[in-house]
**Q** 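One structure, pasted below without further comment.
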Amino acid sequence: MLILNRTNGRTAVSLQNRVTPEGCIIATPARGTLMGNRGGCFHRPDQTLMARHWASRQWVCCVLDFKGRRRQVMSPGLYTELFFLDEATALAAGHRPCFECRRAEANSFAKRWPRRGADMVATRASAPTMDRVLHAERLDKRGSKAVFMARLGALPDGVMVRSPAGPQLLLAGHLYSWLSDGYGQPEPMDPGASRAVLTPPTIVEVLRSGYRPRLHDSARLNH
């Protein structure tokens, strides 16, 4: 059982532990469908975040329930638990599947990782290799979210892009606006339009190779 909120007197206060496709960490009462972490602890004893919102380059995405384990979220000195609307959100922020609680999906993801240099001889990419590459793709030189431009028609399903209205999920020729509690109604996609892509380029290649992320029910129901 995961405790998502803390209390201040009689008022429930949402913790700052929900990740957006832009990689930001916000406070919202909406519950995510997946959890994860960024390689360790970066919260204070009062459950507020430190200035740097990651502890190491091992950013993972996990299931909410695993082998009956119980945790008090943001316990002092332990890793900072984060939550995601779905896996497309986590991937856009630069997280990869966890090899402990999501082994089958993590292996599928790693087998689709593009082979470069010494990695060409491996049957799948190692976690350290993926973490090293992804860490270089998460932030630009100014420390802001790293993006690249691409035509919508050249992108695979599951990618998140930036729009004037906020992040959007690309799925089956449509765009779905990302909200903290689900996706909006699908909008037709212009394949020739260019957008800033939030999902790191190597993860885009993994999606293009056939990896299918877990999506929030609102995307499936609207499709």
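Just so it is clear, the model here is predicted, and its values are computed rather than measured. Numbering starts at 1 and runs along the sequence shown.
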**Q** How far apart are the closest heavy atoms of Y176 and G184, and which atoms are they?
**A** CD2-O, 3.5 Å

**Q** So does I25 get a backbone contact from the side chain of Q16, meaning a donor-acceptor N/O pair under 3.5 Å?
**A** yes

**Q** For the OG1 atom of T202 and the CG atom of L207, what is their distance to the nearest 0.5 Å?
**A** 11.0 Å

**Q** Locate the shortest heavy-atom distance separating C98 from C101; write the atom from each residue and the value.
**A** SG-N, 3.6 Å

**Q** Could you list all the salt bridge (Lys or Arg N to Asp or Glu O under 4.0 Å) pairs where at least one residue sits in residues 82-102, not counting sequence neighbours?
**A** R69-E100, E87-R102, R96-D131, R102-E105

**Q** In Å and rounded to the nearest 0.5 Å, what is the NE2 to SG distance from H53 to C24?
**A** 9.0 Å

**Q** Closer than 3.5 angstrom, by distance alone: can the side chain of H135 be matched with the main-chain N or O of Q58 as a donor-acceptor pair?
**A** no

**Q** Are the side chains of M160 and T89 in touch, meaning some heavy atoms are under 4.5 Å apart?
**A** yes

**Q** Please report the interatomic distance CH2(W113) to OG(S108), rounded to the nearest 0.5 Å.
**A** 13.5 Å

**Q** Quick one, L78 and C41 - any side-chain contact, counting heavy atoms below 4.5 Å?
**A** no

**Q** Does T80 reach the side chain of M74, with side-chain heavy atoms less than 4.5 Å apart?
**A** yes

**Q** Given 3.5 Å as the limit, does a donor-acceptor pair link the side chain of R38 with the main chain of Y79, or not?
**A** no

**Q** Where do L15 and E81 land on the side-chain contact (heavy atoms from CB on, under 4.5 Å) test, with the steps shown first?
**A** CA-CA 10 Å; L15 294 173; E81 294 90 349; over 6 Å; no

**Q** With a 4.5 Å cut-off on side-chain heavy-atom distances among I, L, V, M, F, W and Y, is there a chain of contacts connecting L34 to L179?
**A** no

**Q** With no hydrogens and no angle check, is any side-chain donor or acceptor of R18 less than 3.5 Å from a backbone partner on T28?
**A** no

**Q** For Q168 versus S177, what's the shortest heavy-atom pair and its separation?
**A** NE2-OG, 3.4 Å

**Q** Which heavy atom in A106 sits nearest to a heavy atom in F99, and how many Å separate them?
**A** CB-CD2, 3.5 Å

**Q** Counting C-beta onward and ignoring hydrogens, is there a side-chain heavy-atom pair between L134 and E137 closer than 4.5 Å?
**A** yes

**Q** Between atom CZ of R132 and atom OG of S126, what is the distance when rounded to the nearest 0.5 Å?
**A** 8.0 Å

**Q** Which value, rounded to the nearest 0.5 Å, describes the distance between L169 atom CG and H216 atom NE2?
**A** 12.0 Å

**Q** What residues join W54 in its hydrophobic cluster, counting side-chain heavy atom gaps under 4.5 Å, either direct or through other members?
**A** W59, L139

**Q** Using the rule side chain to side chain contact (heavy atoms under 4.5 Å, CB included), only one of L198, L175, V147 pairs with V161; which is it?
**A** L175

**Q** Please determine whether residues L152 and F148 belong to a single hydrophobic cluster, defined as Ile, Leu, Val, Met, Phe, Trp and Tyr linked transitively by side-chain heavy-atom distances below 4.5 Å.
**A** yes

**Q** When you group the ILVMFWY residues by side-chain heavy-atom contacts below 4.5 Å and let the links chain together, are F84 and L64 in the same group?
**A** yes

**Q** Would you compute the distance between atom CD1 of I203 and atom OH of Y211 and round it to the nearest 0.5 angstrom?
**A** 9.5 Å

**Q** Would a single hydrophobic cluster contain both M189 and L155, if residues Ile, Leu, Val, Met, Phe, Trp and Tyr are joined by side-chain heavy-atom contacts under 4.5 Å?
**A** yes

**Q** Might you point out which heavy atoms bring P200 and K145 nearest each other, and give the distance in Å?
**A** CD-NZ, 4.5 Å

**Q** Flag the pair M35 / V73 as yes when at least one side-chain heavy-atom distance between them is below 4.5 Å, and no otherwise.
**A** no

**Q** Please say yes or no: joined through hydrophobic side-chain contacts below 4.5 Å, possibly via intermediate residues, are V60 and L85 part of one cluster?
**A** no

**Q** Do the charged groups of R142 and D140 touch, with an N to O distance under 4.0 Å?
**A** yes

**Q** Of all residues at least two apart in sequence or in a different chain, which pass the salt bridge (Lys or Arg N to Asp or Glu O under 4.0 Å) check with E22?
**A** R162

**Q** Looking only at heavy atoms, what is the nearest atom pair of G158 and P213, with distance?
**A** CA-CG, 4.3 Å

